[in-house]
There are 2 protein chains.
Amino acid sequence: MKRGDSDCEALLTRLDCFVRLSSEQRAAIMNACFGPHYIVRAKADFLRQGDRMSGLHVLTKGWAYRLLMLPDGRRQIAGFLVPGDICMTEVPDMRLDFSLSSLTDSHYLHLGNQALDRLRVAYPAVREGLAIHNHVAGAILRNWVLNLGQRNAFERIGHLFCEMLIRLRCIGMAQNDGYHFPVTQIELAEATGLTPVHVNRTIQDMRARGLVSLQNRELKILDFARLANLVMFDATYLHPVAGGCAQDG
Amino acid sequence: MKRGDSDCEALLTRLDCFVRLSSEQRAAIMNACFGPHYIVRAKADFLRQGDRMSGLHVLTKGWAYRLLMLPDGRRQIAGFLVPGDICMTEVPDMRLDFSLSSLTDSHYLHLGNQALDRLRVAYPAVREGLAIHNHVAGAILRNWVLNLGQRNAFERIGHLFCEMLIRLRCIGMAQNDGYHFPVTQIELAEATGLTPVHVNRTIQDMRARGLVSLQNRELKILDFARLANLVMFDATYLHPVAGGCAQDG
DNA sequence: CGCAATATTGAAATAAGTCAAACCGTGTGG
DNA sequence: CCACACGGTTTGACTTATTTCAATATTGCG
């Protein structure tokens, strides 16, 4: 489903996390985003494994996740996407090896290869911003591997909570140490390679220790310093701007 | 340590897996590879977490792995690199979130951003080849996540064996269903998020079932079809050229 | 109101981890 | 040429984190 108005702000906000954009550059990006904008409702696959894609898809509103499946039905979430995240690294007409599924009502937009090229040629900062975003996305994925391979249940879940806090702060979607977290325990289990039952028990444990509160999809990290320490969270791989938000010098 | 002669073939072989290169393009790439070539001996970190990098580093000889570490010493291997693999996605002056360590004596070369840009502008095929390589590297990483999150010990190890067979075939480094596999059981454990003891028992199991033989760092997959089926290996995410090798049309 | 999707709890089962020792090939040095 | 040290592999016995199964709350929603 298409929409006319522009959700381009989310992309600008994101690039602002990494590079300084002039108003001319912002305008040019806005301009390039004239292409199709899509709206998708909660709990829907909007890009499917096997689809051929080119250009760049950017999530501009809502939450989504990247899903890999085994033929026998086992499901692994390999990343959560929030506004400004790029759904897939830009490739000429390649088949997707994963699906993208929305957690909430979401919007995304598509940038064609030509428009993108023009932007990059005209504005090196755009190019750099996209490159950094791409690198950070890779770092997040590598840390997901570290998570699954080396951390236990408590650490996996705690680390994810910390990571999402920093990522959401960067795009202005966190309040202090809390944020809207539209992920069920079942999905959390699919993301962490655990059982829903065990995820539940682990979260209870966190609550009992006074580390987090989680109810009605609202997550609050009650003692970030202690949690981050317990799960060995170090935000440098996210290259967050100082203070966790975009406004610097 | 630097060398003068060119290991550029490995890069060409790899790009050949994805795009058709004219002899002019091959020559231009060779030419661009005039930059520093490095030689590193077995079991050495040659790029370190925290290092600032730019341009592209290509492994041209030997095996290496990408390592992530936790402050308490836990180690997770997040990928094996073989000749033609790119060590890190091209980024302007970014800090590495992982280390690269050689398993065998290895070579790698560095391509500066300018040289790379020139190549890409002059030869779209080079650009496309690099983009596809990048995409496949991402797919491999995502499948590693799937592996760690959803597969059991047997499936994880078996899947890795299958994946490396296809990847090595594509660059002409496999004989039939066997290949040199310079990875100790300890490293295999670090890659699969298991214990060396458990890796050992699992491999014994594979041997007992007549699926693989592994001795003196030589791995032979005795029944690829059955193994691939048991561990649910499907090579499409590697985008291998038909037949698993570069020579088509 | 009442279904359907989540969350929670308990008890029993199991894959994988831990600890610790023995084994093996191989290269080195006396 | 033997001894011995080293890195890697193998084996056994025991522990534990996580899964499984199954039942019972709870919540959101049409």
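Just so it is clear: chains get the letters A, B, ... in the order the sequence lines come, proteins before strands, and each one is counted from 1. Note that the coordinates shown come from a computational prediction; the quantities given were computed from them, not determined experimentally.
Protein atom NE2 of A:H198 is 11 Å distant from nucleotide atom C1' of D:dT16, rounded to whole Å. Going from atom CG of B:L188 over to atom P of C:dA16 covers 14 Å, rounded to whole Å. Here D:dA17 presents its P atom at 17 Å from CG of B:L194, a figure rounded to the nearest Å. We find that CD of A:E218 is positioned 16 Å from P of D:dT27, with the value rounded to whole Å. Across the protein-nucleic acid pair, B:I157 atom CD1 and D:dT9 atom P stand 12 Å apart, rounded to whole Å. In this structure, B:E190 places its CD atom 13 Å from P of C:dG17, rounding to the nearest Å. Summarising the geometry, the separation between CZ on B:R151 and C1' on C:dA16 is reported as 18 Å, rounded to the nearest angstrom. Straight-line distance from the CD atom of A:Q185 to the P atom of C:dT9: 10 Å, rounded to whole Å.
In this structure, B:N216 places its CG atom where only 12 or fewer heavy-atom neighbours from other residues, nucleotides or ligands lie under 6.0 Å away.
The aromatic rings of A:Y237 and A:H159 sit parallel to each other, their planes meeting at less than 30°, with 60° as the upper class boundary.
Salt bridge present: A:R209 and A:D205 bring a charged side-chain N and a carboxylate O closer than 4.0 Å.
Non-hydrogen atoms lying under 4.0 Å from DNA chain D are contributed by A:R201, all within residues 199-214 of chain A.
Distance CD1/A:I77 to CE/A:M69: 11.5 Å, rounded to 0.5 Å.
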Pairs of donor and acceptor atoms involving the side chains of residues 55-66 of chain A, under 3.5 Å and at least two apart or interchain, shall be tabulated with distances.
residue, atom, partner, partner atom, Å
A:T60, OG1, A:H107, O, 3.1
A:Y65, OH, A:R75, NH2, 3.2
A:R66, NH1, A:C87, O, 2.8

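The phosphate of D:dT16 has neither OP1 nor OP2 within less than 4.0 Å of any side-chain N or O from A:N152. For D:dG8, the OP1/OP2 oxygens have a side-chain nitrogen or oxygen of B:K43 closer than 4.0 Å. Side-chain nitrogen and oxygen atoms of B:R156 include none within less than 4.0 Å of the OP1 or OP2 phosphate oxygen of C:dA15. Remark: B:R217 is in phosphate contact with D:dT9, judged by side-chain N or O atoms under 4.0 Å from OP1 or OP2.
Backbone-only contact: A:T184 has heavy atoms under 4.0 Å from sugar-phosphate atoms and none from a base.
For B:N216, whose side chain is taken as the heavy atoms from C-beta onward, the closest listed nucleotide among C:dT8, D:dT9, C:dT26 is C:dT26. Considering only side-chain atoms of A:V197, the nucleotide from D:dC21, C:dT18, C:dA16 that sits closest is D:dC21.
Residues A:I203 and A:L188 meet the side-chain proximity criterion, which asks for heavy atoms closer than 4.5 Å. In this structure, the side chains of B:V40 and B:D105 stay at 4.5 Å or more apart for every pair of heavy atoms. At least one side-chain heavy atom of B:R167 sits under 4.5 Å from a side-chain heavy atom of B:D85.
Over its full length, the helix from C:dC1-D:dG30 to C:dG30-D:dC1 turns its helical axis through 30°, comparing axes from the five pairs at each end and rounding to 10°.
Residues A:H239 and A:H135 bring their aromatic ring centres within 6.0 Å.
B:Q150 places no side-chain N or O within donor-acceptor distance of the main-chain N or O of B:N147, the cut-off being under 3.5 Å.
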